[in-house]
There are 2 protein chains.
Amino acid sequence: MDVPFATVERIAKYLRCLKRIKNKKIKFISSQTLAEHTKVTAEQVRKDLAYFGKFGRTGTGYDVKKLVQKLEKILNPKQNWNACIVGAGALGHALTNYPDFKKAGFNITALFDSDPKKIGNKIGTVKIYDVKKFSVITEKKEIKIAIIATPENAKEEIEQLIAKSKIKGILNFTPATLSIKSRQKITVLDVDLSQKMYILSYLITQKKRRQ
Amino acid sequence: MDVPFATVERIAKYLRCLKRIKNKKIKFISSQTLAEHTKVTAEQVRKDLAYFGKFGRTGTGYDVKKLVQKLEKILNPKQNWNACIVGAGALGHALTNYPDFKKAGFNITALFDSDPKKIGNKIGTVKIYDVKKFSVITEKKEIKIAIIATPENAKEEIEQLIAKSKIKGILNFTPATLSIKSRQKITVLDVDLSQKMYILSYLITQKKRRQ
DNA sequence: CTTTGTGAAAATGTTCACAGCC
DNA sequence: GGCTGTGAACATTTTCACAAAG
């Protein structure tokens, strides 16, 4: 069965929510309650979960702790990914220190930049390497995910470096759409912040609300 | 006619792409070419644009410059929004200097933090204010959009401040789902970076590619 | 009485296919 | 020949509604 992309997105949302609830020592949650927290419908929650199995108990709801485990297994079965950030600017800096990556099982273990003044320095405990050493370092450190946080003009170089490496996934913050040649091998997820601002502007103007 | 949310998202994507193309002095673009750049189908491009009017010319395609103007009018008719960032940490810092916001017509004109050591300082040309002055400052500066880049635990306070202010839209980087009481008035758009990482992890594991 | 899991129905979104225009 | 705009066909996704289970 093919799982809709929207379902995967919501599953991640549910997981986020459940993790917060877990800390509050709530043992069971109904699809209704989870739906209210994540702003979807109860049927939607049940349908989404049904793609992956039967996790609930009739009349009681879902065991929060167990559901968290199940969803983590679905989304991050490896439990631990090494990731790197390309671009040691302000955004790269912020992302290196972003506490939630580690909580979700993603460890930033290397930074890359082309600026000689930055190379060799550290952000927190993470060292900044010369971007030319991308392949060598990422292979040695078994890094499979790259977060691209460089200015747009650096795009070309990065793209070629990544195409030659063993990177499997990219979280891309640069506006330019990456056109990785070996796209069949590499999964790219774009995060376009000015797109978000445009959408926000549109929704405000239309006085609509959505997600 | 009701415009699908997905269409709005894609329109923003097209705009981003067209702006890059405009610089390259390409005068006309076909739905086919625009589709290839943004990884959708040509029919999709045409259908999306059709929600807002007839912008193309048969046999020629779309006048890039004119289409950029049209799409900007749709997404950001105001052309200029004042925005603020709540949280002068690493992420707030990065977003303040994020060059694409200004290009898209969004000016960061204030920062807010609760740390007395930060209050009064500047990031670039933008001053950091005491978060307690949120309503006063945002009203004086006619700020309608707030970008929330605080740690999760600061959520409650911010939420109450915003609910009392004249803010119309929120770009929310905190994991906690905001539950602004007067939600009917305020549009909230969530950017959840660890959700993105989870999705990336899922897609890599499934060896699927999407968007 | 509550709540899940799920077929069936409804709604929504996408692709096809082609008329009409350059 | 090339390309847009658009109804119609198709596909997907969401909601409804209810049987089954605790």
Side-chain angles (χ1 to χ4, degrees), chain A residues 1-14 17-18 21 26-68 70-71 74 199 202 206 208-211, chain B residues 1-14 17-18 21 26-68 70-71 74 199 202 206 208-211:
Chain A
M1 190 169 17
D2 213 46
V3 181
F5 186 70
T7 292
V8 178
E9 289 188 300
R10 283 189 301 263
I11 292 276
K13 220 172 168 183
Y14 304 152
C17 180
L18 289 165
I21 283 169
I26 294 162
K27 264 195 112 35
F28 289 90
I29 189 166
S30 67
S31 58
Q32 183 60 51
T33 311
L34 183 52
E36 279 161 17
H37 277 92
T38 50
K39 279 168 238 142
V40 298
T41 64
E43 302 85 5
Q44 186 84 81
V45 170
R46 298 203 296 275
K47 263 283 201 278
D48 285 339
L49 296 176
Y51 278 103
F52 299 98
K54 298 178 186 185
F55 307 128
R57 208 196 297 176
T58 324
T60 318
Y62 301 87
D63 180 314
V64 175
K65 202 175 146 191
K66 278 187 192 164
L67 191 54
V68 166
K70 294 278 188 189
L71 299 191
I74 292 164
I199 296 168
Y202 176 84
Q206 301 299 310
K208 279 185 186 179
R209 286 134 271 130
R210 179 89 185 236
Q211 99 119 296
Chain B
M1 187 169 21
D2 213 45
V3 181
F5 186 70
T7 291
V8 179
E9 289 188 301
R10 283 189 301 261
I11 292 275
K13 221 172 167 182
Y14 304 151
C17 180
L18 289 165
I21 284 169
I26 295 164
K27 265 197 111 32
F28 288 90
I29 190 166
S30 67
S31 58
Q32 182 59 50
T33 311
L34 183 52
E36 278 162 18
H37 277 93
T38 50
K39 280 169 239 143
V40 299
T41 63
E43 301 85 4
Q44 187 81 81
V45 170
R46 297 202 298 274
K47 261 284 199 286
D48 285 338
L49 295 177
Y51 279 103
F52 299 99
K54 299 179 187 185
F55 307 129
R57 206 198 296 179
T58 325
T60 319
Y62 302 87
D63 181 315
V64 175
K65 202 175 147 192
K66 278 187 191 163
L67 190 55
V68 166
K70 293 280 187 186
L71 299 191
I74 292 163
I199 296 168
Y202 176 84
Q206 301 299 310
K208 278 185 188 177
R209 283 136 270 128
R210 182 87 186 237
Q211 96 120 297

Within less than 4.0 Å of OP1 or OP2 of [N], is there a side-chain N or O belonging to [X]?
| X | N | answer |
| --- | --- | --- |
| A/T41 | D/dT15 | yes |
| A/Y51 | D/dT12 | no |
| B/Q44 | C/dT15 | yes |
| B/R10 | C/dT14 | yes |

Using a 4.5 Å cut-off on heavy atoms from C-beta on, say whether the side chain of A/D63 contacts that of A/F55.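 Side chain of A/F55 against side chain of A/D63, heavy atoms only: no contact under 4.5 Å found.
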Is the closest side-chain heavy-atom distance between B/Y202 and A/I11 below 4.5 Å?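 SC-SC contact between B/Y202 and A/I11 ruled out.
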Starting from [atom2] on [N], measure out to [atom1] on [X] and report it in whole angstrom.
| X | N | atom1 | atom2 | value |
| --- | --- | --- | --- | --- |
| A/I29 | C/dT2 | CD1 | C1' | 15 Å |
| B/F28 | D/dC3 | CZ | P | 13 Å |
| B/K47 | D/dC10 | NZ | C1' | 12 Å |

Using a 4.0 Å heavy-atom cut-off, does B/T7 contact any base of the nucleic acid, only the sugar-phosphate backbone, or nothing at all?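 The residue B/T7 makes no contact with any strand.
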B/S/- along nucleotides 17-22 of chain C (protein heavy atoms under 4.0 Å) is B--BBS
Side chains of A/T41 and A/E43, donor plus acceptor under 3.5 Å: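 Yes, a side-chain donor-acceptor pair sits under 3.5 Å.
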With rounding to the nearest 0.5 angstrom, report the OH to CZ distance, B/Y51 to B/R10.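 Reported value, rounded in 0.5 Å steps: 8.5 Å.
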